[in-house]
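Predicted model only: the values in this text are computed from it and were never measured. Along the sequence shown, residues carry numbers from 1. Order of appearance sets the numbers: ligands from 1, and atoms from 1 within every ligand.
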Amino acid sequence: MTSEQGAFREGEDRVERGALPRLEVRGVRKSFGNVEALKGVDLVVRPGEVMALVGDNGAGKSTLVKTLAGVHPSDSGTIAVDGVQVSLNDPESAVRAGVETVYQDLALCDNLDVVANLYLGRELRSPSTGALGRFLAMKKMSFEAQRVLDDLAVTLPSLRTQVASLSGGQRQAIAVGRAVLWGSKIVVLDEPTAALGVQQTAMVYRLIRTLKERGISVILISHNMVDVFEVADRVTVLRLGQGAGVFDTTTDTPQDVIGAITGSGAIATRRGSK
Ligand SMILES: Nc1ncnc2c1ncn2[C@@H]1O[C@H](COP(=O)(O)OP(=O)(O)OP(=O)(O)O)[C@@H](O)[C@H]1O
Ligand SMILES: [Mg+2]
């Protein structure tokens with residue numbers, strides 16, 4: 001263990017499971033002017049765990065996610081991935097640390113096709129130049145894109161379809177495909193099923209389970225307790241910019257979680273207890 005990791009030695013998850021947490025957020029603070037959006041938040045996610053992040057409007061969920069995505073770097077606190085402290089000062093450093101964030105609408109470029117979206121910002125360069133080189137690079141990208149989508153059991157009309165014409169669920173699948181293609185360690189899904197119908201919601205659940213099976217950790221933001229108890233292993237509740245409890249979906253109930261969200265539950269006994 002390096003001195004960098006020393007600060008995380010006390011992490012209860014490590015003691016419990018004998019393994020480093022995939023993500024360990026400790027005491028993260030973030031203010032916008034005089035609004036304190038995050039007032040010292042902790043979040044611990046294990047490898048291959050689906051952690052739901054819930055809380056009322058304005059609780060700080062999106063701010064925490066943007067901190068992890070490098071969009072709004074934290075003012076203070078520490079973040080470690082697999083026991084190594086990281087500085088998530090911009091979106092590139094977050095991607096390098098293995099954090100892929102999937103926003104409901106922002107993740108994809110509507111005017112580009114499926115392959116281009118999977119490779120956005122990371123297009124393969126062919127060693128040979130000219131038309132043949134570009135053709136070969138495109139062929140390789142299409143082949144790998146198809147392999148990842150097949151792997152996720154996602155069917156699309158064609159890899160050449162512009163993503164603007166895809167359904168909400170198919171768009172989510174492409175964004176998740178990016179995470180798999182680029183070897184992300186943590187996938188953050190911000191309200192992935194908010195605008196989806198029953199079948200598409202089932203497809204997103206399936207994708208989340210596939211990520212979990214591959215040992216990729218998932219952070220799922222949702223206001224929907226059915227979603228949360230369907231796919232999450234644990235639930236972290238934020239309330240007014242602070243942690244309000246960590247719950248286990250196998251032993252706790254939706255009512256326990258709702259009590260923590262609204263502040264009417266037994267927060268004091270829950271906080272930090274899991
Ligand atoms: N860019 C910003 N500038 C100023 N204040 C902000 C900014 N982003 C968030 N806030 C404030 O920070 C607090 C937390 O907001 P945040 O968006 O993180 O909440 P949330 O939990 O995602 O809520 P919701 O469920 O409504 O999406 C709110 O008081 C919000 O007004
Ligand atoms: Mg939000």
Side-chain angles (χ1 to χ4, degrees), residues 23-45 50-79 87-94 99-108 168-169 171-172 175-176 179 186-196 201 204 208 217-232 234-247 249 252 254-265 267 270-272:
L23 175 73
E24 190 163 7
V25 172
R26 295 287 177 197
V28 160
R29 294 179 169 273
K30 177 72 189 175
S31 295
F32 299 102
N34 52 15
V35 176
E36 263 192 298
L38 300 176
K39 304 171 187 167
V41 168
D42 292 347
L43 175 67
V44 178
V45 186
V50 180
M51 175 63 91
L53 184 60
V54 305
D56 233 333
N57 298 118
K61 304 179 297 293
S62 293
T63 305
L64 181 56
V65 162
K66 286 174 186 161
T67 299
L68 296 174
V71 175
H72 288 321
S74 60
D75 298 332
S76 61
T78 54
I79 301 173
S87 302
L88 306 179
N89 293 324
D90 49 53
E92 292 72 30
S93 52
V99 181
E100 183 83 26
T101 306
V102 179
Y103 301 99
Q104 177 72 29
D105 296 316
L106 302 179
L108 307 174
R171 293 166 61 87
Q172 291 283 330
V176 170
I186 303 156
V187 174
V188 185
L189 299 163
D190 196 347
E191 306 251 14
T193 62
L196 302 185
T201 297
V204 172
I208 291 174
S217 303
V218 177
I219 298 173
L220 168 71
I221 297 185
S222 181
H223 281 280
N224 182 335
M225 281 306 134
V226 178
D227 270 14
V228 165
F229 275 77
E230 173 83 25
V231 291
R234 292 192 301 159
V235 187
T236 293
V237 180
L238 289 188
R239 182 171 151 72
L240 305 172
Q242 286 180 304
V246 181
F247 297 84
T249 56
D252 296 314
Q255 286 67 38
D256 294 329
V257 174
I258 290 164
I261 292 172
T262 60
S264 62
I267 303 169
R270 290 283 183 197
R271 185 173 290 171

Donor-acceptor contact below 3.5 Å, side chain [X] vs main chain [Y]:
X    : Y   : answer
R234 : V44 : yes
S87  : N89 : no
T67  : H72 : yes

Item checked: With E36 via side-chain hydrogen bond (donor to acceptor under 3.5 Å, both in side chains) - residues at least two apart -> R29
Next item on the list: List in chain and number order the residues that pass side-chain hydrogen bond (donor to acceptor under 3.5 Å, both in side chains) with S93, two or more places apart in sequence or in another chain; answer none if no residue qualifies.
Entry: D90
Validation row: [X], [Y] side chains within 4.5 angstrom (heavy atoms):
X    : Y    : result
L23  : L68  : yes
M225 : I261 : yes
D190 : K61  : no
T236 : V41  : no

Next item on the list: At a heavy-atom distance under 4.0 Å, which protein residues reach ligand 1? Sort them by chain and number, would you?
Entry: F32, V35, A37, D56, N57, G58, A59, G60, K61, S62, T63, H223
Notebook entry, point to check: What are the protein N/O/S atoms, named by residue and atom, that sit under 2.8 Å from the Mg ion (ligand 2)?
Noted result: S62 OG
